[in-house]
Amino acid sequence: MLKFIEVALPVPLRQLFTYEYSLPQPVDEGMRVLVPFGRRQLVGIVVRLSSSPPKGVKCKAALNVLDSKPVLDAPLLQLLRWASQYYQHPIGDVIQTALPKRLRQNKSLTAPQQTIYHAAKDSGAEVLSRAPQQQKLLALIDAAGVEGLSDEVLKSQSEQASIKNVRGLIKSLLEKRLVTQTVVELPLTILESSISSNKSLHKLGPIVLNKEQRTALQNIQDNGDEFHCTLLNGVTGSGKTEVYFSLIDRILEREQQVLVLFPEIALTTQLQQRFIQRFGAHNVVSLHSGLADKARNLAWLAAATGEVPIVLGTRLAVFTALQNVGLIVVDEEHDSSFKQQEGFRYQARSVAVKRASDLNIPIVLGSATPSLESLHNVAQGRYTQVHLRQRAATDKLPEVSFIDLNHYPADEGLSQPVLQALGDNLKRGEQSMVFINRRGFAPVLFCSHCQWVAPCLRCDAPLTQHKHGQRLNCHFCGAVTQTPKQCGQCGEEGLLPLGEGTQRIEQQLERTFPEAKITRFDRDVMASQQALEQGLQAVHDQEIDILVGTQLLTKGHDFDHVSLVAVVNADSGLHSHDYRSTELLAAQLIQVAGRAGRSKAGQVLIQSRHVQHPTLQAVAQHDYQGFAQAALKEREHASFPPYVHLALWRAHSPHPSKALTLLQRTAQMGRRLQPPSALLFDACKSPMEKLAGKYRAQLLISCTDRAALNRWVAQWVAQLEQNPISRSAKWSVDIDPIDLY
Ligand code: ADP
Ligand code: ZN
Ligand code: ZN
């Protein structure tokens, strides 16, 4: 009987493609097939089987089936289809994103193999009297005894013994049956040991949980083994990770798998090491953006086959194939990096909750500063909240105080009280951290005569001055230009660098404390994962007195010896137009402050011109909960998420008006389809209209009913795509956007 398959292909079209299937091999959903597409052959995934073709369409035949069992099992395929539909992104591209490289090609994933050579029992040396090279090699293999020699070791040993043409020699020995070979599969985690630096990671026994942790653990477990979302709201350093560990112990006992998601950047190595120390390298595999293709392929295989029970990963890992997963953990659930901001724009935290719900397993979201969305879900009774209010290793949270910049003027960014505190800390031999959210020397180059600032010609943004080299950089498009000698408007000379970046702060600290060891942590210095790891190790080994850095320093690192944190300026987040700016600021300050005093009493000093601002006051009281309640009220009042659901259309074009025109037409189309519970705003230029030479526009829509919004956008996208105007500018639609520019 003729069969048909519906295939997802890596093409930017929102549809499946039907092929006739008449090959002798069995085919099933989730398997890869090779199919003709135009003049090309593409690898696609079978998403559906059907017995009849779409009406009036002549289908081509599939050329080959590449798997004997599905690479994506039914629930995962279902999740990917849901994500494609929910985030309005073509299914082929969604699946493409989820698969490791080899599976996107006409290749398979196999465990790495190794050949082991053994000398045969009575390898008569006399037979070889006329072949001294073979004899030498045989002696090497013989010396290895029952263990045998792997091809790798054989190669290096024969090099040392200056034996040439090992391949040829081995071939002769095999033919003469003087040597035997066996091929063995290597364990997939062997890679892990090479990633996690060369330090020997001795296994640590479990820490005894304190009373609060035990209660939290109990409460989470009381929610049962079925789907339930628990928000583990624990202050920085309260020992959330130890609670995850205890939950994972149970998963291992039951021989299940666990998926642990954590934010991008920085955190990888430290977290990975903690897991390896606790559970052993053979039990842990990690999938993050820093992995090379080969490593990612293997890690994916280790997870997909169920060979390794603990799968750590950044946002993309939410789509990893797993066997018998029993728990999902999202650590630092508030972190923006769970949201993919380009292409397939998905929110990995939301996908994780959906996946847990589909699989009917528990999920734990952990944070010291939970997202307002998650807190709202708690208030609505959808999630359960569990608290850890005390730090685990000390008895106190750091003391937070403000330095009012109206009273204590800053010199090159730093006020007298901050310099004083840094000096005192230095005398005590303790580490300090200075946090500033900008890289470079100064964010603006400024003319004091006419207020002109040097602009990027491709963006609506000023250029940042960097030290060394007479250049200005654009932090938005990456452009580099010569530093002008004169004002571009009035022609006066003597332009001034205005404001502070990490370099300027570092310079000021070096001047003030010439004896201190100061290291800068920003993307310019810590460009590679390796550089960052070395830097963090130096902090850990107490080779650094003062760390100056950006967000790179805030994400979950344990700096045990940092007892003072200074925040250069808290004010930029107070005056931003982004509706999430105060949430981001509060979370960031609390996370930064959380780096202080993890093992001894800590102090946090925040410089600001608005010390009475309620957000800052909440931070000082360590009252994130209070802040969040107030913020949620404001959001409700203003009809913003989580009280409504948003989608944002964006468009851009090198032509000054095409993006806006497209979205104005798009808005007209949408108005005709608009459900009653929805709002359609006017299409407008983006707040930063020009970016990297493109003019940008946007169109915001909101709806109290998520499903209605989803149906609306789906119809709307389909209509827009039919209309030739949709090709007049590049456009996208972002579901649940986290910024509105
Ligand atoms: P969080 O993830 O909440 O920031 P961590 O799990 O990193 O906290 O714990 C912070 C520090 O406290 C770590 O150094 C950890 O080893 C330590 N710690 C956690 N739980 C305990 C405990 N029950 N007893 C002693 N120390 C603990
Ligand atoms: Zn001027
Ligand atoms: Zn630019």
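Just follow the structure's listing: the first ligand is 1, and inside any ligand the first atom is 1.
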Does only the side chain of Val208 get under 4.0 Å from ligand 1, or the backbone, or both, or neither? Count heavy atoms.
backbone
Gap separating the OH atom of Tyr244 from the CG atom of Leu217, nearest 0.5 angstrom:
12.5 Å
What protein heavy atom sits nearest atom 14 (O) of ligand 1, and how far off is it?
Asp558 OD2, 4.1 Å
With nothing but distance in play, are any N or O atoms of Thr236 less than 3.5 Å from an N or O of ligand 1?
no
We want to know whether Gln591 and Thr369 form a side-chain donor-acceptor pair, criterion being a heavy-atom distance below 3.5 angstrom.
yes
Do NZ/NE/NH1/NH2 and the carboxylate oxygens of Lys517 and Glu543 come within less than 4.0 Å?
no
For Lys485, does its backbone N or O pair with a side-chain atom of Glu493 as donor and acceptor, under 3.5 Å?
no
Please answer whether the main-chain N or O of Asn210 pairs with a side-chain N or O of Gln213 as donor and acceptor at a distance below 3.5 Å.
yes
Taking non-hydrogen atoms only, is Arg274 closer than 4.0 angstrom to ligand 1 via side chain, backbone, both or neither?
side chain
Close-contact set for ligand 1 against Leu209 heavy atoms, below 4.0 Å
23 (N)
Run through the protein N/O/S atoms less than 2.8 Å from the Zn ion (ligand 3) and write them out by chain and number.
Cys456 SG, Cys459 SG, Cys474 SG, Cys477 SG
For atom 3 (O) of ligand 1, which of Glu332, Lys240, Glu242 has the closest heavy atom?
Lys240
Against heavy atoms of Asn210, which atoms of ligand 1 measure under 4.0 Å?
23 (N)
Between Gln385 (side chain only) and Leu232 (backbone N and O only), is there a donor and an acceptor less than 3.5 Å apart?
no
Any donor-acceptor N/O pair, Gln465 side chain to Pro443 backbone, under 3.5 Å:
no
Identify, for atom 2 (O) of ligand 1, the protein heavy atom at the shortest distance, and state residue, atom and that distance.
Thr241 OG1, 3.0 Å
Sphere of radius 2.8 Å around the Zn ion (ligand 2) - protein N, O or S atoms inside
Cys447 SG, Cys450 SG, Cys487 SG, Cys490 SG
Sub-3.5 Å donor-acceptor pair from the side chain of Arg504 to the main-chain atoms of Pro497, do we have one?
yes
With sequence neighbours excluded, give me every side-chain hydrogen bond (donor to acceptor under 3.5 Å, both in side chains) pair touching residues 617-627.
Asn233-Gln625
Has the side chain of Arg580 got a donor or acceptor atom that lies under 3.5 Å from a matching backbone atom of Ile738?
yes
Can you tell me the protein heavy atom closest to atom 20 (N) of ligand 1 and the distance?
Gln213 NE2, 3.0 Å
Given Phe521, which of Val548, Thr502, Leu536 fulfils the side-chain contact (heavy atoms from CB on, under 4.5 Å) condition?
Leu536
If you measure from each non-hydrogen atom of Ile207 to ligand 1, which part falls under 4.0 Å: side chain, backbone, both or neither?
side chain
Give a yes/no on ligand 1: does Gly234 have at least one heavy atom closer than 4.0 angstrom to it?
no
Who's the nearest protein heavy-atom neighbour of atom 8 (O) of ligand 1, and how far?
Gly239 N, 2.9 Å
Run the side chain to side chain contact (heavy atoms under 4.5 Å, CB included) test on Gln272 and Ser286 for me, step by step, so that the C-alpha distance in whole Å, both residues' side-chain angles and the decisive distance to 0.1 Å come before the verdict.
CA-CA 7 Å; Gln272 186 173 295; Ser286 91; 2.7 Å; yes
Is a salt bridge present between Asp225 and Arg250, judged by a nitrogen-to-oxygen distance below 4.0 Å?
yes
Would a distance-only check, ignoring hydrogens and angles, find a side-chain to backbone donor-acceptor pair under 3.5 Å from Arg471 to Thr483?
no
In the protein, what heavy atom is nearest to atom 17 (C) of ligand 1, and what distance, to one decimal place, separates them?
Ala393 CB, 4.1 Å
among protein heavy atoms, the one nearest atom 4 (O) of ligand 1 is Gly237 N, 2.9 Å
Mind checking ring pair (Phe, Tyr, Trp, His ring centres under 6.0 Å) for Trp731 and listing every partner two or more places apart, or none if nothing turns up?
Trp649
Give a yes or no answer on whether the side chain of Asp522 reaches the backbone of Val525 with a donor-acceptor pair at less than 3.5 Å.
yes
Identify, for atom 18 (N) of ligand 1, the protein heavy atom at the shortest distance, and state residue, atom and that distance.
Ala392 CB, 3.6 Å
State whether the side chain of Glu689 and the backbone N or O of Asp460 hold a donor-acceptor pair below 3.5 Å, judged by distance alone.
no
